[in-house]
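Notes to accompany the following structure.
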Protein chains: 2
Amino acid sequence: MVEENKISIAVIKRLPRYYRYLGELLANGVTRISSKELSRRMNITASQIRQDLNNFGCFGQQGYGYNVVLLYEEIKKILGLDKNYNMIICGLGNLGKALSNYYKFDRLGFNFIGLFDISQEMVGTTWNNIRVGCVSELESFLAENEVDIAVLTLPKTSACKVSQTLVNGGVKGIWNFSNVDLHIPDSVRVENVHLTDSLMVLSYGLNEG
Amino acid sequence: MVEENKISIAVIKRLPRYYRYLGELLANGVTRISSKELSRRMNITASQIRQDLNNFGCFGQQGYGYNVVLLYEEIKKILGLDKNYNMIICGLGNLGKALSNYYKFDRLGFNFIGLFDISQEMVGTTWNNIRVGCVSELESFLAENEVDIAVLTLPKTSACKVSQTLVNGGVKGIWNFSNVDLHIPDSVRVENVHLTDSLMVLSYGLNEG
DNA sequence: TAGATTGTTAATCGATTAACAATC
DNA sequence: TAGATTGTTAATCGATTAACAATC
C-alpha cells in the first residue's frame, strides 16, 4: 500500500499567496519568473518556493524558470479553483450579510444558493437575491440540494448544534466564523476565521513598541 | 546585553485560544485545572501547554495545577487585554460596516473613535453613532487623536496608499482585511485577515473526500 | 507521607534553508 | 557552448513531545 504523500498545512496555506502574486504578474504581462525573482517579491526564500511547488509536480524548467500562465493555472487546479462550489450561509448577522454581498466569491466559483437565520425578523427577507430561510428548514434543504460549503456566522450558542445538522446533511466543508472550536468528524473540513482571536494577536505587545 | 527572549508567533497565536477555554472554565465555576485536563479539552499536548505558559512565567503549582482565575487574568495581561485601544476603520464597505457594529470589540476594550471611507455617498452617514469621514481627512484626524489600531477594509487599490498615511500618522497596528501584503516598517504591527485566501485553503482538496 | 503535577531539560520530529548535480 | 535555474538531497534550524527531578 502506497503511503499517500501528505502535504503539510503550512504549504497549503502559502498557496493562495503564490496564486495572488502570479495573478499580479499575469496582469502585468510578465510571462516567466524565476524562483529567485519571485522570492525577492514575496520576501520568502527561493528554496521554499521550489520545495513548495515540487510537492505537486515539476512546473519549472532548468535555466528558464517558471512559465507564469502555466504555474498560475496549476495552482488554480491544486486549490480546486477550477471547480464550482455551492455555498450557504448560516447566520445573517452583520458579518453574514457582508459575506453574502461579497461579489468576489461568485467570480471565484463560490456560489451562494441558500441563506439561513434563526431570528423571525430576518426570515423571509432577501439578500443578494436569495430569500432567507429559517434554520429549521436547513435539514430538508440539505437533503434536496448539494451543498459543498457552509459559512457559519452564528453566535457560538447555536453554532455547535447547527454544525451537526450540516455534517449530517453531507456538507463537505465549513467556513467557521463563530467563536468556538467545532467538534465534527475529520471527513468534514473546517477552516476557522476567529476574528476576535486575530484582534487579540494584534493587541499582543502593541504598546511595547 | 541580554538577548530579549523572543516569543515565537506560533505561541502567541495559541494564546487567544487558551484565553477562550479558561474563560469557559471560569464561567462554569471551575477553579483549578491541570495541564493534563486542559490538554484533553483543547486537544493539544499537556507538554505544549506547559511550555507555552512558561514563556511568560510560572503560573502553576506542583501537585495542584493552575488556578483558573489567576491564569485567565495573566493571559489577559499578556495579550494586552487589560488596556483600552482606540480604533478606526478605513473602508466602510459591507465588511467595514459589519465590524463597526460588532459590539464585542467594545466590551474587550477596543473602541471605535473614527470611521473613514472614500465614496462620497458614505461620507456624512452615521454608523454605530460615529459620523463617517472622508479618507482625505485621515491625516489631520491622526494628528489630533491617538489611534492605536486601524482596521483596513479598503479595496487593495487604495489600501497601500492609506496604509502609508496610517504609518505616518503614528498608528501602532493595522488589522488588514484588504487582499494585499502591506509593505510598511516593522515598527507597525500588521495582522492579516485574508478572507479569500482562507476560503481557498478550504476549497483545497474538498472534493477528494 | 504519598500522590499529583509542575517547570525544565533532553529527544524527537518536521519545516526551512543551503548546496549542488542535472539540464534546459 | 556557457549561463541560468531547476529539482532534489543534505544540513540546519525551530517547534513539539517526552521524560523526570523538584516540590506542593
Side-chain angles (χ1 to χ4, degrees), chain A residues 2-18 21-22 25 30-75 78 181 201 204, chain B residues 2-18 21-22 25 30-75 78 181 201 204:
Chain A
V2 181
E3 170 76 15
E4 169 78 17
N5 246 32
K6 183 80 177 137
I7 312 290
S8 96
I9 184 67
V11 174
I12 297 165
K13 279 188 186 291
R14 279 192 293 268
L15 291 176
R17 190 151 176 270
Y18 289 129
Y21 274 80
L22 287 164
L25 290 170
V30 180
T31 56
R32 62 181 263 199
I33 186 100
S34 67
S35 58
K36 192 180 167 195
E37 170 61 11
L38 190 57
S39 102
R40 199 189 55 74
R41 291 179 184 240
M42 294 185 67
N43 209 30
I44 53 177
T45 65
S47 248
Q48 182 161 70
I49 293 174
R50 295 204 300 278
Q51 287 277 25
D52 282 353
L53 297 177
N54 280 96
N55 280 298
F56 305 100
C58 298
F59 307 128
Q61 197 169 60
Q62 281 102 328
Y64 175 87
Y66 298 87
N67 177 302
V68 174
V69 183
L70 190 138
L71 189 55
Y72 179 81
E73 291 299 330
E74 285 293 346
I75 295 181
I78 294 164
D181 300 321
V201 170
Y204 169 87
Chain B
V2 181
E3 170 77 14
E4 169 79 17
N5 247 33
K6 182 82 175 134
I7 311 290
S8 95
I9 184 68
V11 174
I12 296 164
K13 278 187 188 291
R14 280 194 291 269
L15 292 177
R17 193 152 173 268
Y18 289 129
Y21 273 81
L22 288 164
L25 289 170
V30 180
T31 55
R32 62 181 263 200
I33 187 101
S34 68
S35 60
K36 194 181 167 195
E37 170 61 12
L38 191 57
S39 103
R40 200 189 55 74
R41 293 179 183 240
M42 294 184 66
N43 207 29
I44 54 176
T45 64
S47 249
Q48 182 162 70
I49 294 174
R50 294 203 301 276
Q51 286 277 26
D52 283 352
L53 297 178
N54 280 97
N55 280 298
F56 305 100
C58 299
F59 307 128
Q61 196 168 60
Q62 280 102 327
Y64 175 87
Y66 298 87
N67 177 301
V68 173
V69 184
L70 190 139
L71 189 54
Y72 179 82
E73 290 300 328
E74 284 293 346
I75 295 181
I78 294 165
D181 300 320
V201 169
Y204 170 86

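Each chain gets a letter, A, B and so on, in the order the sequences are listed, and its residues count up from 1.
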Self-check item: Over all atoms of both residues, closest heavy-atom pair of A/T45 and A/S39
Solution: C-CB, 3.7 Å
Quiz item: Between B/F59 and B/L70, which heavy-atom pair has the shortest distance, and what is it?
Solution: O-CD2, 4.1 Å
Quiz item: What dot-bracket string describes DNA chain D from 5' to 3', counting Watson-Crick and G-U wobble pairs whose defining distances are under 3.5 Å, with [ ] for crossing pairs and | for pairs to another strand?
Solution: ..||||||||||||||||||||||
Quiz prompt | Contact nearer the 5' end of DNA chain C, comparing A/R50 with A/I9 | solution = A/I9
Exercise. Can you see which heavy atom on A/I44 is nearest to which on A/I49, and at what distance?
Key: CD1-CG1, 3.7 Å
Quiz item: Hey, which of B/N55, B/D52, B/I78, B/I7 is the one that makes side chain to side chain contact (heavy atoms under 4.5 Å, CB included) with B/I12?
Solution: B/I7
Quiz prompt | Position toward the 5' end of DNA chain D (nearest nucleotide), A/Q51 or A/G65 | solution = A/G65
Self-check item: Main-chain N/O of A/Q48 paired with A/R14 side-chain donor or acceptor, under 3.5 Å
Solution: no
Practice problem: For residues 60-71 of chain A, pull every pair meeting salt bridge (charged side-chain N to carboxylate O under 4.0 Å, His left out), keeping only residues two or more places apart or in separate chains. | Solution: none
Quiz item: Base, sugar-phosphate, or nothing for B/S47, non-hydrogen atoms under 4.0 angstrom?
Solution: base
Practice problem: Please confirm whether the backbone N or O of B/G65 pairs with a side-chain atom of B/R32, one donor and one acceptor, at under 3.5 Å? | Solution: no
Practice problem: Check every nucleotide of DNA chain C for an atom under 4.0 Å from a heavy-atom of chain A, then give the first and the last such nucleotide from 5' to 3'. | Solution: C/dA15 to C/dC24
Exercise. Could you pick out which residue, A/R14 or A/Q61, lies toward the 5' side of DNA chain C when each is mapped onto its nearest nucleotide?
Key: A/R14
Self-check item: Close side-chain approach of A/N54 and A/C58, heavy atoms under 4.5 Å
Solution: yes
